[in-house]
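Here is the structure we will look at, set down as structure tokens.
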Amino acid sequence: MKINFWYSLSIILAVGVTSYFLRAFPFIVLSKRNKTIENFMMYLGKVLPPAVIGILIIFCLKDIKFTVAPYGTPEFLAVIMVVVLHVWKRQTLMSILGGTVFYMILLQKVFV
């Protein structure tokens, strides 16, 4: 199926305008120097990261079957690895990537 040039151009423009609007929207809304909004945003900045991490942990560990081998061992070893890496280096991305790689190695090489 051949796609028309103008159709492709309109899709690219629509995506570009939408991306620009989504990136500019917070600056437009929060530019009024409203102290209430600023305090609320500071509160969200403190509360949301731990809440999101908690939800991710629950989501990642929700399907563990404790009655079937390996009884959640690779998952909990990977969680311990993430915690150790984060306490050691304090770099979120390294902790997440290190835990993910460790988990994949456990699943593919150790708990086959």
Side-chain angles (χ1 to χ4, degrees):
M1 178 176 162
K2 189 175 179 182
I3 297 177
N4 187 355
F5 170 77
W6 296 109
Y7 180 73
S8 299
L9 185 64
S10 65
I11 290 174
I12 292 169
L13 285 175
V15 169
V17 168
T18 304
S19 297
Y20 181 78
F21 175 74
L22 289 176
R23 293 193 181 239
F25 182 74
F27 296 102
I28 294 168
V29 170
L30 300 176
S31 66
K32 296 184 179 183
R33 297 282 179 198
N34 188 345
K35 194 68 173 170
T36 307
I37 292 176
E38 187 175 320
N39 289 339
F40 181 66
M41 294 304 286
M42 294 300 288
Y43 169 75
L44 286 178
K46 283 200 254 184
V47 173
L48 281 180
V52 169
I53 293 298
I55 290 170
L56 284 172
I57 290 170
I58 292 169
F59 179 76
C60 290
L61 301 178
K62 70 179 173 49
D63 292 329
I64 296 175
K65 294 183 176 54
F66 294 105
T67 57
V68 179
Y71 310 106
T73 306
E75 288 85 358
F76 286 111
L77 288 174
V79 168
I80 291 169
M81 174 65 99
V82 169
V83 170
V84 166
L85 282 173
H86 190 69
V87 168
W88 177 38
K89 289 291 187 176
R90 297 274 183 212
Q91 292 184 358
T92 306
L93 285 177
M94 189 184 81
S95 304
I96 293 170
L97 288 173
T100 303
V101 168
F102 182 67
Y103 178 67
M104 289 294 125
I105 290 171
L106 286 176
L107 283 184
Q108 296 177 6
K109 301 293 182 191
V110 179
F111 296 98
V112 181

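The analysis underlying the following values was restricted to heavy atoms, covering all of them including side chains, and did not include hydrogens, waters or symmetry mates. Just so you know, these numbers come straight off a predicted model, no measurement behind them.
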Here the pair of heavy atoms bringing G99 nearest to A78 is O-CB, 3.9 Å

Once you round to the nearest 0.5 Å, how far does [atom1] of [X] lie from [atom2] of [Y]?
{"X": "L13", "Y": "T18", "atom1": "CG", "atom2": "OG1", "value": "10.5 Å"}
{"X": "Y103", "Y": "L77", "atom1": "OH", "atom2": "CG", "value": "11.0 Å"}
{"X": "T73", "Y": "F66", "atom1": "OG1", "atom2": "CZ", "value": "9.5 Å"}
{"X": "E75", "Y": "L107", "atom1": "CD", "atom2": "CG", "value": "6.5 Å"}
{"X": "L93", "Y": "L85", "atom1": "CG", "atom2": "CG", "value": "12.5 Å"}
{"X": "T92", "Y": "L97", "atom1": "OG1", "atom2": "CG", "value": "10.5 Å"}

Could you see if [X] belongs to whatever hydrophobic cluster contains [Y]? Use Ile, Leu, Val, Met, Phe, Trp, Tyr and a side-chain cutoff under 4.5 Å.
{"X": "I53", "Y": "I80", "value": "no"}
{"X": "L106", "Y": "Y71", "value": "no"}
{"X": "F25", "Y": "Y20", "value": "no"}
{"X": "M81", "Y": "M104", "value": "no"}

Neighbour count above 12 (heavy atom, 6.0 Å) for L9 CG: yes

Assess whether atom CZ of F111 is packed by more than 12 heavy atoms of other residues, nucleotides or ligands within 6.0 Å. yes

In the structure I gave you, are the side-chain heavy atoms of F76 and L61 within less than 4.5 Å of one another anywhere? yes

Any donor-acceptor pair under 3.5 Å linking the side chain of S10 with the backbone of Y7? yes

